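Let me begin by presenting the structure, written as structure tokens, before commenting on it.
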There are 2 protein chains.
Amino acid sequence: MSEPSRTTPATLHDVAREAGVSLATASRSLNGSTRRVNEEYRQRVLDAAAKLNYTPNLSAQAVARGTTTTVALLVADIADPYFSSIAAGVVAEADAEHLIVTMAATERDPERELELVRQLRGQRPRVMILAGSRPTVDRTEGALADELAAYEASGGRVVLISRNELDFRTVLLENRGGAERLARELVGLGYRRFAVVTGGEGLRTAADRLEGFRAGLAAVGGRLDDADVVRSAFTRDGGYDGARRLIERGLDGIELVFATNDVMAVGALSAIRDAGLTPGRDLAIAGFDDIPTVQDVTPPLTTVRVPLEELGRRALRLALAEDADAGADADATAGETAHPRGGSVEAEVVLRASTPGIG
Amino acid sequence: MSEPSRTTPATLHDVAREAGVSLATASRSLNGSTRRVNEEYRQRVLDAAAKLNYTPNLSAQAVARGTTTTVALLVADIADPYFSSIAAGVVAEADAEHLIVTMAATERDPERELELVRQLRGQRPRVMILAGSRPTVDRTEGALADELAAYEASGGRVVLISRNELDFRTVLLENRGGAERLARELVGLGYRRFAVVTGGEGLRTAADRLEGFRAGLAAVGGRLDDADVVRSAFTRDGGYDGARRLIERGLDGIELVFATNDVMAVGALSAIRDAGLTPGRDLAIAGFDDIPTVQDVTPPLTTVRVPLEELGRRALRLALAEDADAGADADATAGETAHPRGGSVEAEVVLRASTPGIG
DNA sequence: CACACTCTGGTAAACGCTTTCCGACGCGCC
DNA sequence: GGCGCGTCGGAAAGCGTTTACCAGAGTGTG
């Protein structure tokens, strides 16, 4: 019991010695090797490992096996409910697969994103998941694509979430379709004049949602003037700011403002209220994503539900599934054959009190 | 240009060969070694590395150096704004220190937490941060403590966030004090009869907040009957449920309900509204944490502001700082000497419309 | 009873790095 | 001109694993 509190963790070597077997046997007993080992030895090893509180050194295993159990996840902002929900999904699924996830935040900066990808590549993660879209035009895009391609060439798997601008496995969000249906439903409720508060710099996701919304309105006779599309940061404060500007400028008949994501919508909601208007009555509002919050604000927000956590799970599954998929030496002249897309996660319009029926 | 798209990432060996130098020189050129290397060689190595798109294999470095650049973060639930904000702080700080953070979710299950700690230990992370308290009484606590102690003995650093029940470095949240001041302020506004909706199973954080609240009330003559403390899950739905039960049972003079965290408060808010009451007027409500959402609900929630992201940053800084701190061989007979605490992050009462002045 | 198998332990060679140690070289000094 | 010293490349020994390969034992067959 006078354990001298050794300062370095037990190594496999220690376990082997303690159990009186060779390194190889110890290794074989402790992990799922194809080789069988005598039950007695096995037990001895297990006991020794328990006694020494042995944990395999993952780095060493990675080096020896030439493969890690890591998945890297890149999001724009961890505190944003959109991303944290996705992350929760990724982590949950990873856990089920005994994978470990490392996370980094791009802070919506393409340069930073590129930098992080480079850095994360050093981990040799099994898969790399990039969530959150980047500007539609962006001068680092080529570099990012190259970096990711190099990563895939070396056996890694890239999955993009809701950003189809690069040619990799992607789980798509039905941004366009969801927004289009939302537009139709809103017109069905009697709304005619719309405004949009959306993310700045042409984020792909925002652009798709806007486009879908436009298309939906066009189909059923809703009106959205270009002047009534205001751009701002893709955040809560951006939403607040956008709505404020809209109101200050004069609503001039606008009945409903569509914020291209819920955190913006929530900000917009507060802006509306702060302007002395009653959201829902004086000015209706709708968002996109269905983050948990929107059920608890007043009025609850009409939005387009996206199964965010499922999005994350799906992304990881897609990355892993393809391992089987890759199968034969698809390596050869695959050439132009696009990567298997992950299909699209469907979005569902959820009408709530923020867009009461009118007329 | 007929690059045959090699399938394995460039290794240091490749770089050395390409540059026409030895492994040692290549290694020395690419990382901050103490040894100087001839500028010409250095440049050759750098060029070769760039040309081959070389990224050092972090696992191999870890094995060779005997130390990683990883920090492990354990939270209860990634999608919960409380934890995701803390995580954002940890990640931000880690990034500044060129550390990589790996994240896992305990899902509020002590067994799972213990399991994760064991698993994560395999990574040999430089520091391990545990956020979120666990039940005050819990039969796995001893095991957890042992596991963490073993980890520290092997050179790792444990930091606990807002859970002082174990003897490790800790960033404390001023739960008790904050709640106490909140109670005083509320009584100052004219409230006398209180109820509390709090987390079940005796979570430490929840318990401290309740205790502080009680103490504050006691000091200034507020009334909180034991029967008016309802327990539920420490989540949004738990808050909803708790408030609902309270209301169904009959308010009987209760003027204000204090939810021991904001996500519960938000749930409670909805419950109040769903019960046909007007929050703030018929029943006031206050929370704790000041998560972003509470400014956007109606009415905005009175709460106790906690700088969550700072909490995360602080935790990591504490872990790293102590490296210097540990200094001499504090190893010896430190014995009862408590770990250096990280001090307490202060909490500030924020009064909002959900608790208007009365009387 | 020799022989070909199948099993299963152990030995040692990887894996991709870092770092210690050695030795070559250039320089200043007495 | 010999010698001590400082500088800097390279060879090689690790780091903690896994795994290819070998060897010995047991088993069934002709």
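Note that the coordinates shown come from a computational prediction; the quantities given were computed from them, not determined experimentally.
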* Give the rounded distance in Å between these two atoms: CZ of Arg42(A) and C1' of dG10(C). => 19 Å

* Within the structure, does a side-chain N or O atom of Ser22(B) lie under 4.0 Å from either OP1 or OP2 of dG9(D)? -> no

* **Whole-Å distance separating the CG atom of Leu30(A) from the P atom of dG16(D)** => 16 Å

* Let me know the distance between CZ of Arg17(B) and P of dG16(C), rounded to the nearest Å. => 12 Å

* Asked: Is the shortest side-chain N to carboxylate O distance from Arg44(A) to Asp47(A) below 4.0 Å?
  -> no

* Asked: Of the candidate nucleotides dG10(C), dG9(D), dC17(C), which contains the atom at the shortest distance from the side chain of Arg28(B)?
  -> dG9(D)

* To do: Starting from P on dG16(D), measure out to CZ on Arg124(B) and report it in whole angstrom.
  => 9 Å

* Asked: Quick one: His13(A) NE2 to dT11(C) P, roughly how many Å, whole number?
  -> 11 Å

* **Side-chain N or O of Gln61(B) closer than 4.0 Å to phosphate OP1/OP2 of dT18(C)** => yes

* **Length of the CG-P vector between Leu12(A) and dA12(C), whole Å** => 17 Å

* **Whichever of Glu39(B) and Ala26(A) has its nearest DNA chain D nucleotide further upstream toward 5'** => Glu39(B)

* Would you confirm whether Arg314(B), through its side chain, and Ile161(B), through its main-chain N or O, come within 3.5 Å as a donor-acceptor pair? => no

* Between dT17(D) and Tyr54(A), is there an OP1 or OP2 to side-chain N/O distance shorter than 4.0 Å? -> yes

* State which of dA11(D), dT18(D), dC17(C) makes the closest approach to the side chain of Ala24(B). => dA11(D)

* To do: State which of dT18(D), dA11(D), dG16(C) makes the closest approach to the side chain of Asn57(B).
  => dG16(C)

* Starting at atom CZ of Arg44(A), determine the distance to atom C1' of dG9(C), rounded to an integer number of angstrom. => 12 Å

* Asked: Looking at Ser27(A), does any N or O in its side chain come under 4.0 Å of the phosphate oxygens OP1/OP2 on dT17(D)?
  -> no

* Asked: Just to confirm, is there a sub-4.0 Å distance from OP1 or OP2 of dT8(C) to any side-chain nitrogen or oxygen of Arg35(A)?
  -> no

* Give the rounded distance in Å between these two atoms: OH of Tyr41(A) and C1' of dG10(C). => 10 Å

* Give a yes/no on whether any side-chain N or O of Ser59(B) is located under 4.0 angstrom from OP1 or OP2 of dG16(C). => no

* To do: For the side chain of Thr25(B), starting at C-beta, report the closest nucleotide among dG14(D), dG9(D), dC15(C).
  => dG9(D)

* Report yes or no: do Arg118(A) and Thr55(B) form a side-chain donor-acceptor pair below 3.5 Å? => no

* Residues Glu97(A) and Arg313(A) bridged, charged N to O under 4.0 Å -> no

* To do: Inspect the contact between Glu39(A) and Arg42(A) and indicate whether a charged nitrogen and a carboxylate oxygen are less than 4.0 angstrom apart.
  => yes

* Scan Val63(B) against the nucleic acid and name what it touches under 4.0 Å (heavy atoms): base, sugar-phosphate only, or nothing. => base

